[in-house]
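Residue numbering restarts at 1 for every chain, and letters A, B, ... go by the order of the sequence lines.
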Amino acid sequence: MAREKNYGNPSLEGKLKDRYYYSDDTNRDFTQEVEKIGRTIAHMCYQCGTCTGSCPSAPRSSYRIRLFMRRAVLGLEEEALTDPDLWLCTTCYSCTDRCPRDIAPTDVIMAMRNLAARRDIVPRNFLKTVQAIYKTGHGVPNNDVNRAARVKLGMDAEPPTTCGFPEYIEGIKAIIDHYGLKDRADRILSEGE
Amino acid sequence: MAEEWNPKIIAIICNWCSYAGADLAGGARMQYPPDIRAIRVMCTGRIDPLFIMKAFQDGADGVLISGCHFGDCHYLEGNYKAAKRMFLVKNILKNIGLDDKRIRMTFVSASEGAKWAGVVEDVIKTVKELGPSPLKQFEK
Amino acid sequence: MAEKKEARIGVFVCHCGTNIAGSIDVEAVKEYAKTLPNVVHADDYQYVCSTPGQTMIADAIKEHNLTGTVVAACSPRLHEPTFRMATKVGGLNPFRFEMANIREQNSWVHMHDREGATEKAKDSVRIAVAKASLLEDLIPKSVPVEKAAMVVGAGVAGMQAALDLANAGIKTYLIERSPTIGGRMSQLDKTFPTLDCSQCILTPKMVDVGRNTNIELMTYTEVEEVEGYIGNFEITLRKKARGVLSPDEAEAKGIVGGGCNGCGDCVDVCPVIKGNEFEFEMAPRKAVYIYHPQVVPNLYTVDFNTCIKCGLCVEACGDKKAIDLEMVDEFVKVKVGTAILATGYDLFPIENKTEWGYKKYENVITGLEFERLICASGPTGGHLIRPSDGETPKKVAFVLCAGSRDNTGVGKPYCSRFCCMYSLKHAHQIIEKIPGAQPYILYMDIRSFGKMYEEFYYRIQDEGAKFIRGRVANILEDATTKNLHVFAEDTLLQRPIDLEVDLVVLASAVQPTAGADTVRKLFGVSCSQDGWMLEAHPKLNPCGTTTAGVFLAGVCQGPKDIPDTVAQAEGAASAASIPIHRGEVELEPYFAQCVEEKCAGCGMCVNLCPYSALALVEKEGRQVMQVTEAKCKGCGTCGGFCPGGAIRMQHFTTPQIVAQIDAFLLGGEQ
Amino acid sequence: MHEYAFFLGCIAPNRYPGCEASAIKTSEKVGIKLLPLCGASCCPAPGAFGSIDLNIWYAMAARNVVLAEQMGRDIALICNGCYKSIYEVNHILKHNDELRDGVNEVLKEIDMEYKGSIDVWHLAELYYDPKICGVDKLRESVTRPLTGTKIAVHYGCHLMKPRKERHFGDTDHPMWIEELVEALGAESVQYRNKMQCCGAGGGVRGFDLEHSLDITNEKMINLQEVGADALTEVCPFCQLQYDRGQVEIQEKFGITYGLPVLHFNELLGLAQGMSPDELALDLHAVDVSPFLEKIL
């Protein structure tokens, strides 16, 4: 763990921050949890960079999936979960397709996102989708323009999904409530406002 | 049977493939449960079905026969002959009311240490699920 | 079972340092052994295999008048010969020894279960003692060794092995399935790290092979069948129809002064054009062809798969009468004492890794194709060109670990071992040959482990090759220029890269040759999980196999570079010459025997024997089975079947095996 | 007639109803009957939901599968995102007892049980499968060939990747959707980096629109190079990203492409003689009329 320098000067503390990697920075539980949620052998990464080389997000951002793999190997929990780059993966699975060690880096990212979410680190748009589905059963709900167009096509204004059968929404609410996710989403979103 | 019951499983394995594979598992320090005792023969072709019947008569809970992969037999085709006899043995076991899962034939090559460890683990698991051999009760 | 003579068994339990003692209570095992029936002596020792340990056995035999010995230690596959010798020194027949494996199959696999391991060790000793009590004197049979050897595959490994054997005075059959000897090495341009011209150092060897009177060179020939055993292999060879007679063959047919002299008149008239496989189809050949001008033997070959039998070549050949378009495969039998397999490697079909676009993009080639394109005797006369337009490439990317170190199931999990070095050499060659050329080497690790290899790496870096530490993710082709965009991450810069190059060279993984598996099975040689032939011991017997008298050389046993290949070939030749020079070998006396009073003469065993060692004979007015001991290899398949129990497998007799089963299941604490 | 439970997802019914309408009508002409899967919800969005808690994702997707199990029909769908959720969760739960038990524990609360009794298909793969429809039958159904048009194909990610978890094979140079496109009489064109992601997935579109549009823009540049008349895809979410994305690219980066984007079903509908009105093509953000002019 990085040592405090106690210079009593925030800008100096920031500039001269301890950047060593210490052996006790490793949290093995983190590696194991990532592997369990992601159902993949994250610790087998040998850092060839095939994943980053395949990544559509890498050339336009500081997101490096290989670094997240490294963090998975070393159990660098804090660094992995608080890096906003974590949310730049488009889940295209090109890295998973090509990984020579047969690891699924995409699923490592998904696992880390799950673990970040447990700490309430989730971008707002993800939570808004949860709210929408809780309310309507759809992440992208119907709207009036669309209803009119549907009628013009000779279809029901509401598709035969939860839109047309709202009685099914209860079941969806039950599942989301089972995990308490709606309340969590509401809380996090309201805290951010 | 208050304590944990440890099955008695005998493995009769060929010198060239499975015995070498078992040695390799040791060299690589692969860990598996100890509830198995191996007897070495030169080839699984040597295995007289009577050996297996004798083992069950003596109260074995399971028998594992393991040889080379087909086409890889050190003696060309001993493992085919052994495999053919296994059908016979399994039939006899079923006829006398023993679960034929108590006898298994596997093919483990000299380079398959990990497979050997997996096979042994699986055989022990299977036999443990089946419980003690029903023939044991006649013994005493 | 009633014993004829009371058995007196001595048990010796080995600590093997902490290898055994660390997981097994050796003292308890020893004390337990003392309680077993027939055991009159038990002892333990740090290393029983050591000289004092062996002396301990020999002394105990004399002191306690033992009839059999049991050593509980490592695998019999390791030290059975050692302890048999000790038993013999003690005055017993060496086959009165039995081993209990309490290391490989006990202490090492139950390292954290001391109680379970100790119990298992006790059982193992009990089982071994049961067998030892019933062991008998056996006399190994000595058989003479045929004073000839065979080498399968005539690449640099096979040629070296054959030359060594031949020079040691042994008649050697060198078998090669393609029309010429030389193998992969003859396709290479330069060799690393010395940069010798591959052909220049190989051709003299090829000529030597062709000239050596002790070598019977048989090209365009494959092994069809293998019978027999060490000292006495009888091997059937298929001489594939070559369509062309050598001068000797012509003479044998009464064509005086005829046969192929390599003039090539036939080629000029042949109307069929096909890709030359030696040049990876980058150059044409005719249906009657030689791969390249240095072929040995200097004989043409008719490719009957494409030949239209127009007969123009026959006319062109004229009085030499070398061409016979009606030729068929011939079979030849030879007897040899030992054999060396040197079947080499093929490239892994790298098009299976679709992300690199091999066979989709013209300017993506393999390392071997690069060798031909940079080679002065290659299809372009040594001018490296882009296949798409014939232009000289300036920027060339080398993709290392292309299909190697790949656990996806598509590629190969192992390191192919020579690609790093040949890619460095390729980089050097383009810098040397093409002014202003820039090689990029995309690598994960540079494995420059050999003598002068790391120095070579230093040199190539100094010459200006750029090393990028990142595995190539994918390659895209620019549709108009046919240039290639190589995508990877420069992991050291932590930046994704898009490298536009003129040519990409894939250092493709290697795999055993297509026919290697067939050859391996014919000779009874195992393979490791990746398909390479399995050596008897990875460290202490790297040339031998589990089939006595069969040895391995070169890449067929696993990827290796030329120095290692040649070294192993010399090792294999030396090993293969030993039995031949000794003149006789001892066979383990595990023969089947017929107990004639029990034999019903049903003859069912006769067909079971894969070696035709059994036959029915008439004795005292009835049919009984008889074993030809020289043919019997001791598998016991007959003994496992005989309905009357009339076949006795020495050293693995039914009473001995049953005693082992009983000892385990009925003996000990119940 | 091969009958399937038709899983709609969100974007097709709620943004591009022409995708839904054309799927039902076109498939019927080649012997596939799509039955409404009443009460189905969002698949749920693999990026958004899966990122927060995979367990909820498994359970919600399983609920949709159970609806089809209750109908006793395999699922057919027309969106790669839905394919990821429904196909993959079905596949995972079939082979993972621990996860299946966990899901069933939740589903018990709403009187449902996942059994693993059905399979999941993308309609495009049913079109390609000769046992169901096949390229030839599709070609025969065409009444208005799209002759003279050059169409580029976007495969999208979740239909075929990761290749080990799917059954399509080569994910670097696939050509099977091109075969379908050519069956409609159009010329398919290849462009650089065809298999790259549209940029929308994984919640990135909502998280960082510019980032996601920059990926789309790279695809648009490559598409423009080869002069395609239209882009076709098999995923309404990719469609949204390319269609609305072009407007957003114009707004944010000031670049105009005007490349019509059509779901393969819409394209097939046109080839089978459906009118633009029947496909609600006016809902597309990028005007498709330049394309329509070429074929009508």
Side-chain angles (χ1 to χ4, degrees), chain B residues 6 8 10 12 14-17 19-20 22-52 54-55 57-60 68-69 71-78 81-82 85 109-112 114-115 117 120 139-140, chain C residues 74-78 99 101 103-113 115-117 119-120 123-124 127 131 517 520-521 524-530 532 534 546-547 588 590 608 610-611 633-642 645 649 651-652 654 657-658 660-662 664-666 670:
Chain B
N6 290 322
K8 280 183 174 270
I10 193 162
I12 309 180
C14 88
N15 177 61
W16 303 101
C17 292
Y19 201 90
D23 279 354
L24 188 70
R29 309 296 194 276
M30 287 160 181
Q31 302 297 301
Y32 54 81
D35 306 315
I36 196 156
R37 309 287 183 264
I39 288 179
R40 183 171 66 121
V41 291
M42 295 312 280
C43 178
T44 49
R46 171 67 187 100
I47 300 169
D48 190 321
L50 289 173
F51 297 164
I52 300 166
K54 183 74 173 93
Q57 189 193 351
D58 286 356
C68 306
H69 289 276
D72 273 354
C73 177
H74 192 73
Y75 306 100
L76 309 178
E77 48 198 29
K81 309 271 163 61
R85 288 172 204 162
S109 80
S111 64
E112 294 177 327
K115 184 174 175 187
V120 171
E139 209 177 281
K140 288 161 190 164
Chain C
C74 50
S75 170
R77 294 174 56 84
L78 192 65
M99 206 156 174
N101 183 341
R103 192 179 77 168
E104 278 84 349
Q105 298 187 23
N106 192 340
S107 67
W108 278 353
V109 288
H110 314 307
M111 294 178 84
H112 314 297
D113 182 358
E115 199 187 325
E119 283 312 304
K120 184 171 175 176
D123 285 356
S124 301
I127 292 168
K131 179 159 181 183
D517 210 46
R520 168 180 85 68
K521 285 180 177 170
V525 173
S526 308
C527 69
S528 44
Q529 270 169 303
D530 41 31
W532 301 110
L534 191 66
T546 51
T547 301
E588 287 200 315
Y590 302 158
L608 282 175
Y611 305 107
K633 289 196 181 185
C635 66
T637 303
C638 52
F641 183 80
C642 178
M649 289 309 307
H651 210 63
F652 293 93
T654 300
I657 294 174
V658 170
Q660 286 178 291
I661 296 171
D662 287 349
F664 167 41
L665 294 160
L666 302 179
Q670 286 295 314

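Here the closest non-hydrogen pair linking Met30(B) and Val109(C) is O-CG1, 3.0 Å.
Using a 4.5 Å cut-off between heavy atoms, Ala55(B) touches chain C through backbone and side chain atoms alike. In this structure, no portion of His651(C) lies under 4.5 Å from any heavy atom of chain B. Proximity to chain B (any heavy atom under 4.5 Å) is restricted, for Leu534(C), to the side chain, taken from C-beta onward. Interface remark: Leu608(C) contributes backbone and side-chain atoms alike to the contact with chain B (heavy atom separation under 4.5 Å). No part of Asp35(B) comes within reach of chain C, as not one of its non-hydrogen atoms sits under 4.5 angstrom from that chain. When heavy atoms are compared at a cutoff of 4.5 Å, Ala20(B) approaches chain C by way of both its backbone and its side chain. Proximity to chain C involves both the backbone and the side chain of Ile10(B), based on heavy atoms less than 4.5 angstrom apart. Contact of Ile36(B) with chain C is made through backbone and side chain together, with heavy-atom distances under 4.5 Å.
Side-chain atoms of Leu665(C) and Gln57(B), non-hydrogen and from C-beta on, never get closer than 4.5 Å to each other. Within the 4.5 Å cutoff, side-chain heavy atoms of Arg46(B) are placed close to those of Thr654(C). Using a 4.5 Å heavy-atom threshold, the side chains of Arg40(B) and Asn101(C) count as separate. In this structure, the side chains of His110(C) and Tyr32(B) come closer than 4.5 Å at one or more pairs of heavy atoms.
Expressed to the nearest 0.5 Å, how far CE of Met42(B) lies from CZ of Phe652(C) amounts to 5.5 Å. Ile657(C) contributes atom CD1, which lies 7.0 Å from atom CD1 of Ile12(B) (distance to the nearest 0.5 angstrom).
Distance alone, capped at 3.5 Å, places no donor-acceptor pair between the Glu112(B) side chain and the Ser528(C) backbone. When atom types are taken as modelled, the side chain of Arg37(B) and the backbone of Phe664(C) share no donor-acceptor pair closer than 3.5 angstrom. The backbone N or O of Asn15(B) lies less than 3.5 Å from a partner atom in the side chain of Arg77(C), making a donor-acceptor pair. Of the possible polar contacts, one joining the Ser111(B) side chain to the Gln529(C) backbone as a donor-acceptor pair under 3.5 Å is found.
With sequence neighbours excluded, the residues satisfying side-chain hydrogen bond (donor to acceptor under 3.5 Å, both in side chains) with Asp662(C) are Lys54(B). For Asp517(C), the side-chain hydrogen bond (donor to acceptor under 3.5 Å, both in side chains) criterion is met by Arg520(C), not counting sequence neighbours.
The 12-atom threshold is not exceeded at CD of Glu115(C), counting heavy atoms of other residues, nucleotides or ligands nearer than 6.0 Å.
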